[in-house]
Amino acid sequence: GINASDVGAMKITVDGHVTKPNNPAFTVRSNAGNNGNTWEAGQDIKFQLVDTDIGSNYATGTGRFTAPVAGFYTFSYIGFGYSAGRVPAGSTCSVQLRKNGSTVVTLAYNEVNSSTGYPSIGGTYSLLLAVNDYVTIRAQANGQYADSSGLYTALSGYLVG
């Protein structure tokens, strides 16, 4: 039989694989922005499509991942610059990783040089969180694209340890 202590507990299989089924982790995508298919500069991205949310720590209404336990977490973002169409030449696109409402790091930054374009944005960053600290992603400089397909703007995060 299964003991209560076995359910959701970390295990090491006979061939050496380690499993941590209750490790906080999430993957989310956006299929709409605050302005149609654009997340405008200065807006926290509220990812609406939840693919995985172990522990239910991501809130679609606020765009916040809230740490259920203290630890070191890694976050990864993908998207691309969009400002009601192509991003103008000579301008930039960026997103910020924010903790408890304050910017920790510009997670991704891309300059558009000689012609207009749709600059790809992506980045990964890890940080120490206390219980109930929360993390958001904020669109900056020309916004981010998020159309109905849900294929272009995504965030994932997990507890490393």
Side-chain angles (χ1 to χ4, degrees), residues 20 23-161:
K20 299 188 293 179
N23 201 47
F26 72 100
T27 55
V28 292
R29 297 175 288 131
S30 184
N31 64 357
N34 65 304
N35 184 11
N37 58 3
T38 306
W39 284 102
E40 297 289 343
Q43 296 293 316
D44 287 342
I45 297 175
K46 298 173 185 172
F47 301 86
Q48 307 94 340
L49 304 174
V50 177
D51 294 318
T52 304
D53 189 3
I54 298 170
S56 300
N57 301 302
Y58 183 82
T60 57
T62 61
R64 293 178 177 182
F65 168 79
T66 302
V69 295
F72 194 65
Y73 290 78
T74 294
F75 300 92
S76 296
Y77 174 83
I78 59 169
F80 70 85
Y82 192 81
S83 183
R86 289 178 171 273
V87 174
S91 62
T92 60
C93 286
S94 61
V95 293
Q96 297 172 335
L97 179 81
R98 296 168 60 87
K99 174 182 165 184
N100 299 332
S102 297
T103 301
V104 173
V105 67
T106 297
L107 190 60
Y109 180 92
N110 197 324
E111 182 178 6
V112 179
N113 290 316
S114 60
S115 64
T116 62
Y118 301 112
S120 177
I121 298 286
T124 299
Y125 192 76
S126 301
L127 71 160
L128 191 64
L129 298 177
V131 174
N132 293 323
D133 280 350
Y134 66 90
V135 171
T136 54
I137 296 291
R138 178 166 286 189
Q140 289 299 118
N142 284 299
Q144 295 288 287
Y145 185 66
D147 80 336
S148 60
S149 70
L151 298 176
Y152 300 103
T153 308
L155 175 67
S156 64
Y158 58 92
L159 173 65
V160 176

Student: Please determine whether side-chain contact (heavy atoms from CB on, under 4.5 Å) holds for the pair Val95 and Thr106, giving the CA-CA distance in whole Å, both sets of side-chain angles, and the decisive distance to 0.1 Å.
Tutor: CA-CA 6 Å; Val95 293; Thr106 297; over 6 Å; no
Student: For the residue pair Phe47 and Tyr77, categorise the inter-ring angle as parallel (less than 30°), tilted (30 to 60°) or perpendicular (more than 60°).
Tutor: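 It falls in the perpendicular class, over 60°.
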Student: Do you know the tightest heavy-atom contact between Ala130 and Ala67?
Tutor: O-CB, 3.6 Å
Student: Looking at side-chain heavy atoms only, is the closest gap between Ile54 and Asn23 below 4.5 Å?
Tutor: no
Student: I need the minimum non-hydrogen distance between Ser76 and Thr124, along with the two atoms involved.
Tutor: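 Ser76 and Thr124 have their closest heavy atoms at OG-OG1, 2.9 Å.
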Student: Enumerate the salt bridge (Lys or Arg N to Asp or Glu O under 4.0 Å) contacts for residues 138-156, please, sequence neighbours excluded, ordered by first and then second residue.
Tutor: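 Pairs touching residues 138-156 that pass the test: Asp44-Arg138.
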Student: Using distance alone, with no hydrogens and no angle criterion, decide if Thr153 and Gln144 have a side-chain donor and acceptor under 3.5 Å apart.
Tutor: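 Result is no, nothing qualifies.
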Student: Under 4.5 Å between any side-chain heavy atoms of Leu155 and Ile45, yes or no?
Tutor: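 No - every pair of side-chain heavy atoms lies 4.5 Å or more apart.
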Student: Ring centres of Phe65 and Tyr73 under 6.0 Å apart?
Tutor: yes
Student: Kindly give the heavy-atom pair with the smallest separation between Ser30 and Trp39, and that separation in Å.
Tutor: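 Between these two residues, the closest heavy atoms are OG-NE1, 2.9 Å.
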Student: Determine the minimum heavy-atom distance between Ala25 and Tyr158, stating which atoms define it.
Tutor: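 Where Ala25 meets Tyr158 most closely, the heavy atoms are CB-CB, 3.8 Å.
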Student: Say whether, by atom type as modelled, one donor and one acceptor occur between the side chain of Thr52 and the main chain of Thr27 under 3.5 angstrom.
Tutor: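 Side chain of Thr52 to backbone of Thr27: no pair is present.
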Student: Would a distance-only check, ignoring hydrogens and angles, find a side-chain to backbone donor-acceptor pair under 3.5 Å from Gln96 to Gln140?
Tutor: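 Here the side-chain-to-backbone pair does not exist.
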Student: Would you name the heavy atoms of Tyr58 and Gly63 that are closest together and state the gap between them?
Tutor: OH-CA, 3.1 Å
Student: Give the minimum heavy-atom separation between Cys93 and Asn142, together with the two atoms involved.
Tutor: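 Looking at all heavy atoms of both residues, the closest pair is SG-CB, 4.0 Å.
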Student: Can you find a heavy atom in the side chain of Leu97 that is under 4.5 Å from one in the side chain of Leu127?
Tutor: yes
Student: Could you state the interatomic distance from OH (Tyr134) to CZ (Arg98), rounded to the nearest 0.5 Å?
Tutor: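 Reported to 0.5 Å precision, the distance equals 8.0 Å.
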Student: Tell me every residue that passes salt bridge (charged side-chain N to carboxylate O under 4.0 Å, His left out) with Lys46, counting only those two or more places apart in sequence or in another chain.
Tutor: none
